[in-house]
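Treat the numbers as computed from the prediction; the structure is a model and nothing was measured. Just follow the structure's listing: the first ligand is 1, and inside any ligand the first atom is 1.
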Amino acid sequence: MIVLKKAKNYEEMSKMAYSIVKDVVTNNPNATLGLATGSTPIGLYKEMIKDYQAGVVSYKNMLSINLDEYVGLPVEHPESYRSFMNTNLFNHIDIDKANTNVPNGLADDIEKACKDYSAFIASHPIDVQILGIGGNGHIAFNEPGTPLDAPTHLVELKEKTRLDNARFFDGDINKVPTHAVTMGLKDIMSAKKIVLLASGSNKAQAVFDMLNGPISTDCPASVLQSHPDVTVICDEGASSLL
Ligand code: PGA
């Protein structure tokens, strides 16, 4: 079931998301967090850091599992998702980096790395999974056409996704990696609780299709309709078609 919450703006969206995350992390010092990259969750991560610095919560005994990673980008590249997580969250809280997991986009045997990642998720159930949504309805890098029951897998990124992300690569689509490793929809759907954030009118159609469309591989996020505990938090732009 999807509960929709409308926020006035990005800041309010981030605070509403944090109130759900806060409930999980203050009640379970051993929580497993499913984390996402992108512009959307940065405000949520700022709220998490603020409360950590205020001594409200400790991440010392928590585990994190990230959704995805580019293939072929060195880990130390500023746009690798490992770098993103270090910069925007892990460097500022007391989580043990050894307990932070991001898919390995540099594995010699990507297929095996994917299998191992799905197995790891199955043995470490995610208490709360944070998601953004792509303008084409993707969640993580599950692009339109991805089977709704896929485990972690290698994907070729759609041109729209690479164009959307070119802003992080000097505006040059040719610098955006062509492939990524992503948690599959099956892994995502196994999370106990899901919080999806959407900001900006470029997400409005995808949000509409996720909530009102049929469950279809055309809009991978629509699969969330069949999850028991999803909260979608949209700012004004993202909810403009609702
Ligand atoms: P964004 O990306 O947060 O940078 O908009 C979201 C996504 O593509 O899943």
Check each heavy atom of Ile133 against ligand 1 and say whether those closer than 4.0 Å belong to the side chain, the backbone, both or neither. backbone

Is it true that Val21 and Leu63 fall in one hydrophobic cluster, defined by side-chain heavy atoms closer than 4.5 Å? no

Which of the atoms in ligand 1, numbered in the order shown and given with their element, are less than 4.0 Å from a heavy-atom of His138? 7 (C), 8 (O), 9 (O)

Just which atoms of ligand 1 are under 4.0 Å from any heavy atom in Arg167? 4 (O)

protein heavy-atom neighbour closest to atom 5 (O) of ligand 1 works out as Lys203 NZ, 2.6 Å

Note: ligand 1 atoms sitting under 4.0 Å from heavy atoms of Gly38 are 3 (O), 4 (O)

Quick check, are the ring centers of Phe168 and Tyr70 under 6.0 angstrom apart? no

Is a donor on one side and an acceptor on the other found under 3.5 Å between the side chain of Gln129 and the backbone of Ala191? no

With the 4.5 Å side-chain cut-off for hydrophobic clustering, are Tyr10 and Phe84 part of the same group? yes

Smallest separation among heavy atoms of Gly184 and Asn142, with atom names: CA-OD1, 3.6 Å

Please indicate whether any nitrogen or oxygen in Thr37 is less than 3.5 Å from any nitrogen or oxygen in ligand 1. no

Per-atom contacts of ligand 1 with Thr40, taking only distances under 4.0 Å to non-hydrogen atoms: 1 (P), 3 (O), 5 (O)

Looking at Asp229 and Lys193, does any basic side-chain N land under 4.0 Å from a carboxylate oxygen? yes

